[in-house]
2 protein chains.
Amino acid sequence: MSAEINDLTQALRDAGLRATQQRMTLLSVLMNSADHPNADELFVRTRAIDDSVSLATVYRTLSALEEAGLIRRLSFENESARYEITPTADHDHLVDIDTGEVIELANEEINHLREELARRMGYEIVSHHTMIRARKSQK
Amino acid sequence: MSAEINDLTQALRDAGLRATQQRMTLLSVLMNSADHPNADELFVRTRAIDDSVSLATVYRTLSALEEAGLIRRLSFENESARYEITPTADHDHLVDIDTGEVIELANEEINHLREELARRMGYEIVSHHTMIRARKSQK
DNA sequence: CTTCGTGCAAAATGTTTGCATAAGC
DNA sequence: GCTTATGCAAACATTTTGCACGAAG
């Protein structure tokens, strides 16, 4: 556990950020979240651990961590931004429109096709995101 | 031109909506927009033609038209919602991160892969959207 | 001890809504 | 005429910011 704390401290320092209590707490909360929480949910979960954290700090920390590449901001339709720890393998998201559940999709073929497509148009992909809204098939 | 107006009237009626001046103007503005404007841009362009249109009506009309399937709402990162006339062929979007330009991408292979992927997980795609942020390749 | 981060409250942004009036059919 | 749509202004939700204080290095 203190090993984890050192890891967080190091990760923040490497990103040129001070390892404050609030940032460490927020980062650990996000690491332990299996879902993709938004700022408000992160505020609630972080507060449960350290009640000194303010919503403003949650927002500022999220921006800083995103800029540092430690976390990823996701834009879903009609929703506030959600976040996840930066994934090692590129993946997309499928949202179950009935339950709201978010499923991660990984597919190398699609990634390659996408890059190829961009290259043909003279572009280099910086980032991408696919969001599929779907419903469980009948039967 | 009056043929166009009749088309718009018909399209709105078919959607179960009254063919008001404001809706016809907004719809024609969007049809004549090569880009993907947001509510505010549509408000400005619509006002240039009919200065009685209010921003509230722009929002209400956009929601109504989207629900009717006549237009499509696009969510880009860190941006307000943008709109386009519902495309006949499914396509995705590439955003040039330096210029902000939005390019439409159509690729059957990716569409098929995506459907196949969803099917394997027991889902039926309702809608999907891919947004690629990219930069022009050097040389 | 200097710089950077934080809490608080206020502001800014994008979008929605209640209500009385106006327009569509 | 009856119903739906509109304009206006106020409300809302989310995110950002100014400022004085506190903590990190």
Side-chain angles (χ1 to χ4, degrees), chain A residues 5-6 8-29 36-47 49-68 70-83, chain B residues 5-6 8-29 36-47 49-68 70-83:
Chain A
I5 289 178
N6 285 335
L8 292 183
T9 303
Q10 202 49 50
L12 287 168
R13 293 246 177 90
D14 289 351
L17 299 170
R18 287 188 178 172
T20 67
Q21 187 60 49
Q22 292 90 336
R23 284 172 181 167
M24 308 245 281
T25 306
L26 180 50
L27 207 42
S28 71
V29 163
H36 302 78
N38 63 17
D40 214 62
E41 287 162 346
L42 285 170
F43 176 55
V44 170
R45 295 181 199 179
T46 303
R47 273 231 155 190
I49 297 173
D50 175 357
D51 69 350
S52 81
V53 178
S54 74
L55 185 56
T57 290
V58 169
Y59 275 106
R60 280 190 278 229
T61 299
L62 288 172
S63 296
L65 295 180
E66 193 203 2
E67 192 142 358
L70 294 178
I71 67 175
R72 188 180 175 199
R73 183 197 306 246
L74 306 172
S75 297
F76 293 89
E77 290 185 13
N78 297 330
E79 280 191 47
S80 48
R82 292 166 170 245
Y83 295 85
Chain B
I5 289 178
N6 284 336
L8 292 184
T9 303
Q10 202 49 49
L12 287 168
R13 293 246 177 90
D14 288 351
L17 299 170
R18 286 189 177 171
T20 67
Q21 188 59 50
Q22 291 90 335
R23 285 173 180 167
M24 309 247 280
T25 307
L26 181 50
L27 207 41
S28 71
V29 163
H36 302 77
N38 61 20
D40 215 62
E41 288 162 345
L42 286 169
F43 175 56
V44 171
R45 296 182 198 177
T46 304
R47 271 228 157 192
I49 298 173
D50 176 356
D51 69 350
S52 81
V53 178
S54 73
L55 184 56
T57 290
V58 169
Y59 276 106
R60 279 190 278 229
T61 299
L62 288 173
S63 296
L65 295 180
E66 193 203 2
E67 192 142 0
L70 294 177
I71 66 175
R72 187 180 175 200
R73 182 197 306 245
L74 306 172
S75 296
F76 293 89
E77 290 185 13
N78 297 330
E79 280 191 46
S80 49
R82 292 166 170 244
Y83 296 84

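Labels below follow one simple rule: chain letters A, B, ... track the order of the sequence lines, proteins then strands, and each chain is numbered from 1.
- Atom CG of A:L12 and atom C1' of C:dC4 are 13 Å apart (whole Å).
- Taking atom CZ of A:F76 as the reference point, atom P of D:dA13 lies 22 Å away to the nearest angstrom.
- Counting non-hydrogen atoms of other residues, nucleotides and ligands closer than 6.0 Å to CD of A:E67 gives a total of 12 or fewer.
- Phosphate proximity of C:dT15 to B:Y59: present, with a side-chain N or O under 4.0 Å from OP1 or OP2.
- Contact check for B:L62 versus B:E66: no side-chain heavy atoms found under the 4.5 Å cut-off.
- A:V53 is not listed as a side-chain neighbour of A:L26, based on a closest heavy-atom distance of 4.5 Å or more.
- Across all strands, A:Q21 comes closer than 4.0 Å to no nucleic acid atom at all (heavy-atom distances).
- Set against C:dT16, D:dG25, D:dT14, the side chain of A:S80 has D:dT14 as its closest nucleotide.
- Comparing C:dC25, C:dC8, D:dT15 by their closest approach to the side chain of B:R13 singles out C:dC25.
- Between B:Q22 and B:N78, the residue anchored nearer the 5' end of DNA chain D, judged by the nucleotide with its closest heavy atom, is B:Q22.
- As a whole-Å value, the separation of B:E67 CD from C:dT16 P is 12 Å.
- At the heavy-atom level, B:A64 lies nowhere under 4.0 Å from the strands shown.
- With the nearest nucleotide of DNA chain D identified for both B:R18 and B:L55, B:R18 has the one nearer the 5' end.
- Residue A:R23 is classed as a sugar-phosphate contact, given heavy-atom separations below 4.0 Å to backbone atoms only.
- Between the CE atom of A:M24 and the C1' atom of D:dG25 there is a distance of 14 Å, given to the nearest Å.
- Distance CG (B:L17) to C1' (D:dT6): 14 Å, rounded to an integer number of Å.
- In this structure, the CG atom of B:L42 is 14 Å from the C1' atom of C:dT15, given to the nearest Å.
- Counting heavy atoms from C-beta outward, B:L12 and B:T20 have side chains that stay 4.5 Å or more apart.
- Proximity of B:T20 to the phosphate of D:dT6: a side-chain N or O atom is located under 4.0 Å from OP1 or OP2.
- Counting distance only, with no hydrogens placed and no angle test, the side-chain atoms of B:R73 and the base atoms of C:dG14 include no donor-acceptor pair under 3.5 Å.
- Between B:S28 and B:L8 the shortest side-chain heavy-atom distance falls below 4.5 Å.
- Set against D:dG25, C:dC25, D:dC8, the side chain of B:S54 has D:dC8 as its closest nucleotide.
- For the pair B:R60 and D:dT4, the criterion of a side-chain N or O lying under 4.0 Å from OP1 or OP2 is not met.
- The CD-P distance, from A:E79 to C:dT15, rounds to 15 Å in whole Å.
- Atom P of nucleotide C:dG14 and atom CG of B:L62 are separated by 15 Å, given to the nearest angstrom.
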